[in-house]
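Structure first, commentary second.
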Amino acid sequence: MGGVPAADVRPGAAASAPGGARAGSTGRATGKAGKKASRKGARTPSATRKVARVVVDVPLSHLDRPFDYLVPTDLDEPAVPGCRVRVRFAGQLVDGFLLERVDESEHEGRLSFLERVISAEPVLTREVAALAREVADRYAGTLCDVLRLAIPPRHARVEAEAGQAARPSPDIVAGVGAPAEPGPWQAYPAGASFLAALAEGRSPRAVWNAMPGPDWPAAVALAVRATLAAGRGALVVVAAGRDVARVDAALRAELSAATGTAAGAGVAAAATGRDGTAASPPGEPAAVTTAGPEAPPALHVALTAELGPAERYRRWLAVLRGDVRAVVGTRAAMFAPVRDLGLVVLWDDGDDVHAEPHAPYPHAREVLALRAHRAGAGALIGGFTRTTDATQLIETGWAHALAPDRATLRQVMPRIRPAGEDAELARDEAARSARLPHLAFRTARQALVDGPVLVQVPRRGYVPALACGRCRAPARCEACQGTLSVNSSHAAPYCRWCGRIAGRWQCPECGGGQVRATMVGARRTAEELGRAFPGVSVRTSGRDGVLDRVGGEAALVVATPGAEPVADDGYAAALLLDGWVLLGRADLRAGEEALRRWMNAAALVRPAAPVVLLADSALGPVQALLRWDPVTHAERELGERRELGFPPAARMASLTGTPAALRELLEAALLPEGAQVLGPVPVPAGTPAPAAGGGGTAGARAPGSRRPAEDRERALVRVERAGGHALAHALKAGQGVRSARKAADPVRVQIDPLELI
DNA sequence: TACAGAGTAAAA
DNA sequence: TTTACTCTGTAG
């Protein structure tokens, strides 16, 4: 297990001449008749292992299985397992990957020959092939969809140039020593033993609650170093490009210390600019090729989307070929073909950018967990907060909790002070007009003497949920416990899940009969704050223009959740404005998500610095922030979800499509025993598909806008957690039936969708 | 009834 | 793009 099978055989440069190998290429030049004759005549099957099992790049569900082809003698050498090929399929020439070579085919009919081998580079390793198959099955998708996510597009010139890659010499790799000191892990009772386990080549799996502060990239780097010291590879997935830059820098420092070489050279050096922004190196060669003997090659690479195709492929190849042993990257890196995987790390697993927006919509947490499981690797999943999903990993016994020592934590955690909706407003007139409570105003003014103050402002545009007008308990559907909402077409509240109109709703908590929207329309602007603090520079970071970091000088830094810059020496204070807006989102995860965003912002202040949160201190997430105790909150939340039949305690699938298509799929799919179908309901107009409400990071515009929302509906299917596999299988089969029938309009199937409104 | 040629569906 | 099969019209 966990081996690096196919990739072990490096094809010589000769075998993979740029442009690949073409069967019967002589026929090209000759005339029509001659071409046909020479092709047919020239092609004879290879002497050994003449059958190639190929996964073809055809996105139809019912064709999601390998097809057999004959390997002609002239392609015998380059047709290695894992290579890209081109084959004739139903007449068309299509791309594919060669999975394996075998002696005989099961197929009854006559086999076609491989048309050509694109290149002999074995880009699909056995580990990734098996992982992709498992991910496809888990998410009711096809293998080729997952492979499209897992394997970057080929760049022929990069592939050809890389023969002389800067592979770290064995003694450098062997020279990685285990960390002598646990460093930031000292603050965790189980930290040292976690590191030690990795260094001994074992595979500890932990859900991590990071200590607030700037140390987490260093902690990650130490874990990676321990893994490398045991001769295994490591994979780190973070949410955003700037987190990649920070972990990259920490890795560079840690690994150069580990090998005793000078820092800053090699592949990683090109990964990020000096200011931490990811930047493509000017000119082509920088990264791999220029690293000579005096500039020791790096042991790791950074993989992000903004590198551009060539550089991205160059680095990805370095990983594939084992030239580097560790990877840090954003979501797409979760499939990086790291050799001898010994550790996977996922930072801030609650961030919604970890959910892949392309079919079959896999989530990095799930993929990395599957991967660690398959490869027998360790895992480190977490962030400042604790998700219900990660809590589930602990409760099922898959992972252990790795949390800071409470006494140490108490010394450094921010001092959180809540100010409710009815808090006394500031006496200052400008602050008053910004509706800034007195406490927030005073805290900011005092802190501005020492340094920057972070101001978190929720973005507008959240879908409001309904709550009881009297006791403010969330209003839920009596039939399915879905979220109630209102829109312009219904006068009465309706359920977003099953569509039932709640005519005579009554609060189960207090018996009240009135509902009210929980969102308050108030918004702060940077200008308003600027007026309240004359003479203080105001900087903003948000959707249009994300700041990576700010210096130590006094400034108000206004940011939307997820776009908070890191302050070089920490913020002197933070104000979390309009907390009730985050809490009031019409999302199942609103509480958990609000806490995550608050903690991520509050973790950026100096030890024990003040943080003012504008929200009602009686609410659970607010309490959790006050005590810096996301664990208890997540455990309680998970318990409630279990009772109500919500994910992640239950499994859900969301099906979106035209009413007719949905009906067809639900008929074709033999849903498992006990499956409950909610809806279908019309897709709310203007609901931006997958990554809605994302934090500051510039999410890709959802490709779901092909047809107007009016004629699309959504159904939810709910099963017990154990039935997830059966549900995915049934939906896949149903999709297969429809695709075989050439059904016109597709149904989008999402297992465990993030946005369960 | 036999069979050529057109049309269609699969898909190695 | 190829192949295998069905459909359809026509000659025997």
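Residue numbers begin at 1 in each chain, while the letters A, B, ... track the order of the sequences.
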Open item on the list: Quick check: Phe89(A) with Phe67(A) (ring centres under 6.0 Å apart)?
Closed with: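 That pair passes the under 6.0 Å test.
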
Could [X] and [Y] be called an ion pair, given the rule that one side-chain N must be under 4.0 Å from one carboxylate O?
X: Arg315(A); Y: Glu311(A); result: yes
X: Arg138(A); Y: Asp752(A); result: yes
X: Arg589(A); Y: Asp352(A); result: no
X: Arg43(A); Y: Glu115(A); result: yes
X: Arg738(A); Y: Asp745(A); result: yes
X: Arg148(A); Y: Asp57(A); result: yes
X: Arg84(A); Y: Asp95(A); result: no

Roughly how many Å is it from [atom1] in [X] to [atom2] in [N], rounded to a whole number?
X: Phe89(A); N: dA11(B); atom1: CZ; atom2: P; answer: 8 Å
X: Glu115(A); N: dA12(B); atom1: CD; atom2: P; answer: 13 Å
X: Phe113(A); N: dT3(C); atom1: CZ; atom2: P; answer: 13 Å
X: Arg116(A); N: dT1(C); atom1: CZ; atom2: P; answer: 16 Å
X: Lys50(A); N: dA12(B); atom1: NZ; atom2: C1'; answer: 14 Å

TODO: Output the single nucleotide from dA10(B), dT1(C), dA12(B) whose closest atom is nearest the side chain of Lys742(A).
DONE: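 Selected nucleotide (nearest to the side chain): dA10(B).
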
- [ ] Choose from dA4(C), dT1(C), dA12(B) the nucleotide whose nearest atom is closest to any side-chain atom of Arg88(A).
- [x]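 So the side chain of Arg88(A) is nearest to dT1(C).
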
Task: By salt bridge (Lys or Arg N to Asp or Glu O under 4.0 Å) - contacts of Glu134(A) (at least two apart) - done: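 Listed in chain order: Arg374(A).
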
Open item on the list: Within residues 91-108 of chain A, which residues have any heavy atom lying less than 4.0 Å from an atom of DNA chain B?
Closed with: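 Those residues are His107(A).
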
Task: Selection: residues 59-71 of chain A, any non-hydrogen atom under 4.0 Å of DNA chain B - done: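 Leu63(A), Arg65(A), Phe67(A), Asp68(A), Tyr69(A) - these, ordered by number, are the residues of the stretch whose heavy atoms sit under 4.0 Å from the strand.
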
- [ ] Determine which nucleotide pairs with dT8(B), using a 3.5 Å limit on both distances of a Watson-Crick or G-U wobble pair.
- [x]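 Pairing partner: dA4(C).
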
